[in-house]
Visitor: 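Below is a structure I'd like to ask you about.
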Amino acid sequence: MVDAPIAAKIKSGLEAEPKGRLVSKNVREKLDQIERDIKLYKEFDEAEKARFNRESYMWTAEDRIEWQETQSDNAQRIRELIEERDALRRQLDS
């Protein structure tokens, strides 16, 4: 039979991994999520550019302005995500 305090520690995961591994695991998970987000934003960007090439001749000036603003916001978010990714990579390397 397992001692109750030991069982509680095992159940809570405190002895499962050392603290350093938990931190790097959390950083790795966050890094993986950011890389997935970057991929999704880039896929969206490509799809929107293809849509622009197909449909923009039918758009009003307002539609074009809205599309440009969306593209600008998307590009800004990709830059932010890349900066976050680079910071997390440096954190993992140190």
Side-chain angles (χ1 to χ4, degrees):
M1 177 165 223
V2 178
D3 187 17
I6 294 172
K9 285 182 182 179
I10 293 171
K11 188 174 183 180
S12 68
L14 293 176
E15 292 185 351
E17 295 186 42
K19 186 177 180 182
R21 285 190 196 160
L22 285 175
V23 170
S24 74
K25 183 177 179 183
N26 290 336
V27 170
R28 169 56 60 193
E29 288 172 355
K30 188 170 183 175
L31 180 60
D32 291 344
Q33 180 61 49
I34 288 173
E35 288 176 347
R36 286 189 297 271
D37 289 349
I38 290 170
K39 182 180 176 188
L40 289 173
Y41 272 94
K42 287 184 176 184
E43 288 173 359
F44 174 78
D45 187 54
E46 289 175 19
E48 280 297 293
K49 287 178 180 172
R51 184 173 75 93
F52 180 84
N53 289 334
R54 283 190 318 270
E55 302 173 5
S56 64
Y57 69 93
M58 297 183 294
W59 294 357
T60 64
E62 291 83 14
D63 292 336
R64 289 172 185 256
I65 291 169
E66 183 179 327
W67 184 86
Q68 288 173 337
E69 289 171 350
T70 300
Q71 288 299 105
S72 178
D73 293 344
N74 189 45
Q76 177 62 34
R77 184 63 184 141
I78 289 172
R79 284 190 296 275
E80 291 168 357
L81 288 168
I82 288 172
E83 288 174 10
E84 282 184 61
R85 180 188 67 189
D86 293 344
L88 289 171
R89 284 180 176 171
R90 284 191 299 275
Q91 187 177 350
L92 277 176
D93 290 342
S94 62

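FYI, side chains are in, hydrogens and waters are out, and symmetry mates aren't considered; it's all heavy atoms of this structure.
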Visitor: How are the rings of Phe52 and Trp59 set to each other: parallel, tilted or perpendicular (split at 30° and 60°)?
Guide: perpendicular
Visitor: To the closest 0.5 Å, what do you measure between CZ (Arg85) and CD1 (Ile78)?
Guide: 10.5 Å
Visitor: Please check if the number of heavy atoms outside Glu66 that lie under 6.0 Å from its CD is greater than 12.
Guide: no
Visitor: Walk me through whether Thr70 and Asp73 qualify under side chain to side chain donor-acceptor pair (under 3.5 Å).
Guide: CA-CA 5 Å; Thr70 300; Asp73 293 344; 5.7 Å; no
Visitor: Can you find a heavy atom in the side chain of Ile65 that is under 4.5 Å from one in the side chain of Glu69?
Guide: yes
Visitor: About how many Å separate NZ of Lys49 and CZ of Arg54, when rounded to the nearest 0.5 Å?
Guide: 14.5 Å
Visitor: Is a side-chain donor-acceptor pair under 3.5 Å present for Gln76 with Glu80?
Guide: yes
Visitor: What's the spacing between Asp86 CG and Leu81 CG if we round to 0.5 Å?
Guide: 11.0 Å
Visitor: With the side chain counted from C-beta on, respond yes when Glu35 and Asp32 share a heavy-atom pair under 4.5 Å apart, and no when they do not.
Guide: yes
Visitor: Distance check, rounded to the nearest 0.5 Å: Asp45 atom CG versus Leu40 atom CG?
Guide: 12.5 Å
Visitor: Can you tell me how far apart CZ (Arg79) and CG (Asn74) are? Round to the nearest 0.5 Å.
Guide: 9.5 Å
Visitor: For the atom pair NZ (Lys30) and CG (Asp37), what is the distance rounded to the nearest 0.5 Å?
Guide: 11.0 Å
Visitor: Testing Glu48, Lys42, Glu46 for side-chain contact (heavy atoms from CB on, under 4.5 Å) with Phe44, which one passes?
Guide: Glu48
